[in-house]
Amino acid sequence: MKLENLLQQHFNYPSFRKGQREVISSILEGNHTIAMLPTGTGKSLCYQLPAYMLTGHVVIVSPLLSLMQDQAEQLMMNGEKRVIAFNSFLTLEEKQQALSQLYKYKFIFLSPEMLHANYVIQRLTELQIALFVIDEAHCISQWGYDFRPDYHKLGAVREKLGNPLTLALTATATPEVKEDIIQSLSLDNWKEFIYSVDRPNISLSVEAVDSFPEKTERLIELVNKLEGPGIIYFSSKKMSEQMASLLRERGVQDIAAYHGGMEQESRILIQQQFIQGQLNIICATSAFGMGINKENIRYIIHFHMPLQLESYLQEIGRAGRDGQKSVAILLYSPGDEQLPYQLAEGELPSDDQLTWLYHWITENPHALKYMSANELEIKRIAGLSDIQWRIIDNFLHSVTEDQLEESFNLIKNFSKDRLQVKRQKIKEIYRWIQLTECRRKNILNYFKEDNKIKIEDCCDICGLDYTKYYVSRTREDVIEGERGFHWKEHLAEILLSERI
DNA sequence: CGTGTTCCACATAAGTGGAACACGGTGCGTTATT
């Protein structure tokens, strides 16, 4: 049967979107496949359709619970009942029930952390896995080294499952990210479908200001003028909230803050309201974005610079999915690059912290054996963040006393190397900000791409007219506005006459 | 590094200047460990 017929039969779509057919064919031919598809929409079809043609179960690794729930729901809406999102939303009983009947599910969604648990792996090995899918696979590269180390253990998991046919899906497949994916999953043979990271309909701009207050004023001005919807990115939760309040005070409507420190409920609500158009502007940290399929975002402003160009591309890439003209503006004031440096350093244990911990362990009998039990105390005294602790804990797992010194040297070297990489990435985005030549050409070169075509409204260096992105008062708006004005006058007259 | 908060000296008292200090993002899992 032709793929188009199957597409019609199972999903009631008349035709494939760009790239889908090639990716699906590659999987059906039995190739491990890396797919970078241009937009967020339509990626899930790449595993959903093959699922119906392959014998066995499809395991999907997803980074966010909300993404898992969305995709599971989407499948169920399409009439597929053999779906489970195996995560912490389930009660203990539900989990046990699900595990004992795992063979009933065609689609099994899991986080990398859940997939790492032995009791889960064991059940999965009893099944025939037709396809092992890593959704948002760039997380392997961006989070796997420190923030979510289980992403780097997916290769081991994959091996335990008998190296099943694998599909990695992402929208950020830069050469470096791709290399991390291949390494981490230990793919030895694969096909890849990579499209350009360039988004010609998004104009790029960097504005340098002299100080923080000036940057704030410029932000207020831009938000008042630019046609929404828009996202403003901050590197601080507090700042995202404060600026949302300030903008509201300055007459900006339909605006809200969004960050990882907020209640899950409000996060979902704000995200929904933004997608449905009840909110026009979001002041967000990097927590906001993945899984946001909104077509008409018109601008992305960076109040703080991201920690790497890869993140920058992901964040601005949320604009203009409808193909309409959009703009990305990064506001820079001197010294801004210090915040990313601070964030990067907080992610890895310092030499001092490691030295202290080494002595603490050697001076306390059985300390090594009961490290996890003393987690809180150790973290407090050594001043270790959760992430720093996890890195150390990861290295010292199943280490004996006589291997201690060697292990600490490994941690020190690892931390040194990673910090070096992170600093290098900050230097690269800083360099890009200071640039005096075409920003698009430069960013594409960084990602080993050539841009052949000259684009209109390319970037601030090539020449860019902001007024194109300002709120346009269409004829209807003007008429509506005038009508409103007359109503107000009319109302005033009535009120006045009544008083008299 | 820059911003926000706290606290202290000052000294008609109340509020201010400014020194000192803290803080800064992304998420899964809580089923296993004396």
Side-chain angles (χ1 to χ4, degrees), chain A residues 61-69 85-93 95-96 99 109-123 136 138-139 141-151 153-154 209-216 233-243 246 257-262 264 267 284-291 302-308 310-311 314-315 332-347 364-375 383 385-388 390 393 396-398 422 426 430:
Chain A
V61 183
S62 174
L64 303 179
L65 296 177
S66 58
L67 278 185
M68 262 183 236
Q69 299 293 122
F86 191 86
N87 58 36
S88 58
F89 288 164
L90 303 180
T91 63
L92 184 60
E93 290 78 29
K95 274 190 237 172
Q96 285 167 342
L99 277 181
F109 291 87
L110 298 149
S111 67
E113 288 81 3
M114 195 58 108
L115 200 46
H116 189 60
N118 270 329
Y119 68 100
V120 176
I121 281 279
Q122 270 165 14
R123 286 293 182 173
E136 308 287 354
H138 61 275
C139 294
S141 177
Q142 254 164 29
W143 287 348
Y145 288 98
D146 30 49
F147 184 51
R148 292 180 70 179
D150 287 323
Y151 258 107
K153 297 173 187 158
L154 287 178
V209 294
D210 288 335
S211 67
F212 179 81
E214 217 175 278
K215 189 156 77 170
T216 308
Y233 277 107
F234 299 85
S235 293
S236 147
K237 296 183 252 190
K238 212 181 209 172
M239 190 73 80
S240 71
E241 285 188 7
Q242 283 175 350
M243 212 53 81
L246 181 66
Y258 182 105
H259 57 73
M262 290 164 47
Q264 192 72 25
R267 287 178 64 170
T285 61
S286 56
F288 191 73
M290 235 195 283
H302 279 86
F303 191 85
H304 289 137
M305 56 190 270
L307 276 76
Q308 50 181 69
E310 286 87 340
S311 311
Q314 276 162 28
E315 287 164 4
Y332 174 83
S333 63
D336 275 1
E337 66 279 11
Q338 294 307 322
L339 179 52
Y341 280 119
Q342 283 309 119
L343 288 173
E345 261 166 45
E347 228 171 357
N364 285 274
H366 308 304
L368 194 55
K369 202 171 165 192
Y370 307 130
M371 279 275 287
S372 299
N374 293 317
E375 176 180 339
S385 67
D386 287 346
I387 309 166
Q388 291 169 325
R390 207 172 25 231
D393 197 41
L396 296 184
H397 200 72
S398 68
K422 284 172 192 283
I426 296 168
Y430 180 65

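A gap of 13 Å separates the C1' atoms of B/dA11 and B/dT16, to the nearest Å. If you take atom C1' in B/dT33 and the same atom in B/dG29, they sit 15 Å apart, rounded to whole Å. Of the P atoms belonging to B/dA20 and B/dT26, the separation is 32 Å, rounded to the nearest Å. The gap from the C1' atom of B/dA13 to that of B/dA9 amounts to 14 Å, rounded to the nearest Å. Comparing the P positions of B/dG27 and B/dA32 gives an interatomic distance of 22 Å, to the nearest angstrom.
Minimum interatomic distance between A/Pro112 and A/Arg148 (heavy atoms only, all atoms of both residues): CD-NH2, 3.9 Å.
When rounded to the nearest whole Å, the span between OH of A/Tyr233 and P of B/dT26 equals 11 Å. In this structure, the CG atom of A/Leu246 is 15 Å from the C1' atom of B/dG4, given to the nearest Å. Protein atom CD of A/Gln308 is 15 Å distant from nucleotide atom P of B/dT26, rounded to whole Å. What separates CZ of A/Arg390 from P of B/dG27 is a distance of 12 Å, to the nearest Å. Look at CD on A/Glu241: it is 14 Å from C1' on B/dG4, rounded to the nearest Å. Atoms CG (A/Leu154) and P (B/dC28) sit 15 Å apart, rounded to a whole Å. Protein atom CD1 of A/Ile426 is 15 Å distant from nucleotide atom P of B/dC1, rounded to whole Å. Between the P atom of B/dC1 and the OH atom of A/Tyr341 lies a distance of 13 Å, rounded to the nearest Å.
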### Query
In dot-bracket, 5' to 3', how would DNA chain B read with Watson-Crick or G-U wobble pairs under 3.5 Å, [ ] for crossing ones and | for pairs to another strand?
((((((((((....))))))))))..........
### Task
Indicate for each nucleotide in nucleotides 19-25 of chain B, in 5' to 3' sequence, whether protein heavy atoms under 4.0 Å reach the base (B), only the sugar-phosphate (S), or nothing (-).
-----BB
### Query
Which letters describe nucleotides 29-34 of chain B, given B = protein heavy atom under 4.0 Å from base, S = only from sugar-phosphate, - = neither?
SBB-BB
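By the salt bridge (Lys or Arg N to Asp or Glu O under 4.0 Å) test, A/Glu214 pairs with no residue at all, sequence neighbours left out. Shown here are the salt bridge (Lys or Arg N to Asp or Glu O under 4.0 Å) partners of A/Arg267, two or more places apart in sequence or in another chain: there are none. A search for salt bridge (Lys or Arg N to Asp or Glu O under 4.0 Å) contacts involving A/Asp386 returns A/Lys379, not counting sequence neighbours. A/His302 is linked by a side chain to side chain donor-acceptor pair (under 3.5 Å) to A/Glu315, counting only residues two or more places apart in sequence or in another chain. Scored by the side chain to side chain donor-acceptor pair (under 3.5 Å) test, A/Tyr151 finds no partners at all (sequence neighbours excluded). For the side chain to side chain donor-acceptor pair (under 3.5 Å) test, no residue two or more places apart in sequence or in another chain qualifies with A/Ser66. For A/Lys422, the salt bridge (Lys or Arg N to Asp or Glu O under 4.0 Å) criterion is met by A/Asp146, A/Glu347, not counting sequence neighbours. By the ring-ring contact (aromatic ring centres under 6.0 Å, His included) test, A/Phe86 pairs with no residue at all, sequence neighbours left out. Residues forming a side chain to side chain donor-acceptor pair (under 3.5 Å) with A/Ser398 (at least two apart in sequence, or on another chain): none.
Note on ring orientation: taking the six-membered ring where Trp is involved, the planes of A/Trp143 and A/Phe147 are perpendicular (angle over 60°, cut-offs 30° and 60°).
A salt bridge does not link A/Arg390 with A/Asp393: every distance from a Lys NZ or Arg NE/NH1/NH2 to an Asp or Glu carboxylate oxygen is 4.0 Å or more.
A/Arg267 has no side-chain polar atom (N or O) that falls below the 4.0 Å cut-off from OP1 or OP2 of B/dT26.
Residue contacts for A/Pro63: at a heavy-atom cut-off of 4.0 Å it reaches the sugar-phosphate backbone alone, with no base atom in range.
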